[in-house]
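What follows is a single structure, written as structure tokens, with notes after it.
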Amino acid sequence: RFDQILNVAFVPHLDEKQRKFSRVFQVVCTPKGVWFRTNASLLLWSGGKFTGWSFKETGGAVWTVFPWKDAVVLQIKKAGLVHLEMKNNAPSWPKKKMPGSEIFGNTKIALAVPYDDNRLLLGTALGGFYLYDDTTAQRFKTDADHQLLKNTWLNHGIALPGNDIMLAYINSCLLVIDRNGKVKERFDLSSGLPNDNIKWIFRDKGGNIWLALEKGLARIDYSSPFSFFDERAGLDGLTLSVVRHRNRLWAGTTRGLYRLERPVDNSMPRFQRLENAGDYCRGLISYGDTLLAATRQGIFAVDKTVSDVKD
């Protein structure tokens, strides 16, 4: 309920030195405090007060902040990864450089999720994916790598239940891959996204996915057992009948007979119309291997071969 949301201003808690920034790029919530990555500094809200460090104090511009085990990891421009151990709800300085992480000093990390108990899966904006085990970074190939060739880059990513990972590509699409790197789902403008410039992904307690877009917000009812199909999915006209036949979904509309197809690129399923099965399909019956369709032009039988339509 929106009337139960309490807005608290943090500005009065910042001293004059800590206020020297113009934008907040990242907010990371951890059990020991909330981190704010700004354009000029790193801030930690813990114990009812702010502690801040300029980029001069951190050793360079901080590109990304993420928790890992009992530490907080910082990605420092031109340096790589460093980690801060948290003691008494405060970071223990000086920071410690993580061996073998120099490769992450030149490209921003957009995804940082645990892959197993000992390794992180790191996705970079332009350099692909890596498995990092605190000492070495090993390239992790995925079906999503081809996205790097399409004038786009990885902007953000999160872990999903069931070991899946959701990836946001700027001006392109939203992909879901499994832990083997195989693409399972694709969402783009043809799927109903109002904008394909995706800035951030957030999963709420109900399992819904919220997207921060170039213009506004979008929500995907990702955990819902229901699917919604309309003209954006190729289903034209008023739907008059629906049947599942040979493990495929068929629909009869005022425009004709349609069958649900899953594209080879794992984008959202789309309905394809059978050109030679009449129009105004008001009734469908699955009869063995044959689908019977009652249309304005008569009754048609669709056999195992979709193109074989008989009056």
Side-chain angles (χ1 to χ4, degrees), residues 1-2 4-5 25-29 64 66 108-115 121-125 129 142-148 150-236 239 242 244 248-249 251 258-272:
R1 293 168 54 93
F2 288 103
Q4 294 178 339
I5 294 177
F25 290 118
Q26 185 182 10
V27 179
V28 180
C29 298
T64 307
F66 59 89
K108 183 182 176 182
I109 292 175
L111 166 76
V113 297
Y115 185 78
L121 176 60
L122 302 176
T124 64
F129 299 86
T142 75
D143 289 348
D145 292 344
H146 73 281
Q147 290 293 324
L148 303 177
K150 295 186 176 181
N151 298 319
T152 183
W153 61 88
L154 181 64
N155 210 33
H156 189 224
I158 63 170
L160 297 175
N163 293 326
D164 289 340
I165 299 165
M166 181 170 283
L167 307 170
Y169 284 90
I170 201 78
N171 296 330
S172 179
C173 65
L174 194 69
L175 293 182
V176 177
I177 65 173
D178 62 22
R179 288 304 172 101
N180 296 316
K182 302 296 182 182
V183 174
K184 297 179 63 175
E185 292 182 284
R186 176 189 174 101
F187 302 89
D188 53 25
L189 294 177
S190 66
S191 310
L193 285 183
N195 188 290
D196 61 5
N197 192 337
I198 307 169
K199 304 295 187 181
W200 205 260
I201 310 171
F202 176 77
R203 181 179 179 271
D204 65 22
K205 294 181 179 179
N208 301 305
I209 300 297
W210 292 82
L211 305 176
L213 307 175
E214 183 179 36
K215 290 184 178 180
L217 299 172
R219 190 184 77 173
I220 301 176
D221 294 331
Y222 195 73
S223 62
S224 173
F226 297 99
S227 299
F228 180 79
F229 301 100
D230 57 14
E231 62 275 0
R232 293 173 296 182
L235 192 61
D236 296 324
T239 302
V242 178
R244 188 171 294 279
R248 305 293 289 274
L249 190 64
Y258 293 80
R259 188 179 77 167
L260 188 64
E261 304 279 2
R262 178 169 287 278
V264 294
D265 63 356
N266 290 294
S267 58
M268 294 297 292
R270 293 186 59 82
F271 277 93
Q272 299 291 332

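Counting begins at 1 with the first residue of the sequence. Because the structure is a prediction, the values reported are computed rather than measured.
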Checklist entry - Would you say the side-chain atoms of S172 pair up with the backbone N or O of T152, donor to acceptor, closer than 3.5 Å? => result no
Checklist entry - Can you name the closest pair of heavy atoms from A233 and P269 and give their distance? => result CB-O, 4.1 Å
Checklist entry - What's the verdict on side-chain contact (heavy atoms from CB on, under 4.5 Å) for T239 and F229, showing C-alpha distance, side-chain angles and the deciding distance? => result CA-CA 10 Å; T239 302; F229 301 100; over 6 Å; no
Checklist entry - Counting N and O atoms only, with roles assigned by atom type, does the side chain of R270 sit under 3.5 Å from a partner on the main chain of E261, one being a donor and the other an acceptor? => result no
Checklist entry - If you take all heavy atoms of L217 and A212, which pair is closest and at what distance? => result CD2-CA, 3.9 Å
Checklist entry - Can you tell if the side chain of L211 reaches within under 4.5 Å of the side chain of I220, non-hydrogen atoms only? => result yes
Checklist entry - Do side-chain atoms of Y115 reach the backbone of R179 as a donor and acceptor pair under 3.5 angstrom? => result yes
Item to check | Residue pair P161 / R203: nearest heavy atoms and the distance that separates them | outcome: CG-NH2, 3.3 Å
Item to check | Partner residues of V113 under the side-chain contact (heavy atoms from CB on, under 4.5 Å) criterion, sequence neighbours left out | outcome: L111, L121, A159, I165
Next on the checklist: Using side-chain contact (heavy atoms from CB on, under 4.5 Å), reason through I170 and K199 one step at a time and then give a plain yes or no.
Outcome noted: CA-CA 7 Å; I170 201 78; K199 304 295 187 181; 4.2 Å; yes
Item to check | Heavy-atom pair of closest approach, residues D236 and Y258 | outcome: CB-OH, 3.5 Å
Next on the checklist: Using modelled atom types and a 3.5 Å cut-off, is there a donor and acceptor pairing between side-chain atoms of S223 and backbone atoms of G206?
Outcome noted: yes
Checklist outcome for this item: Between F129 and the options T124, L122, L167, the side-chain contact (heavy atoms from CB on, under 4.5 Å) test singles out L167
Checklist entry - Parallel, tilted or perpendicular for H156 and W200, by the 30°/60° rule? => result parallel
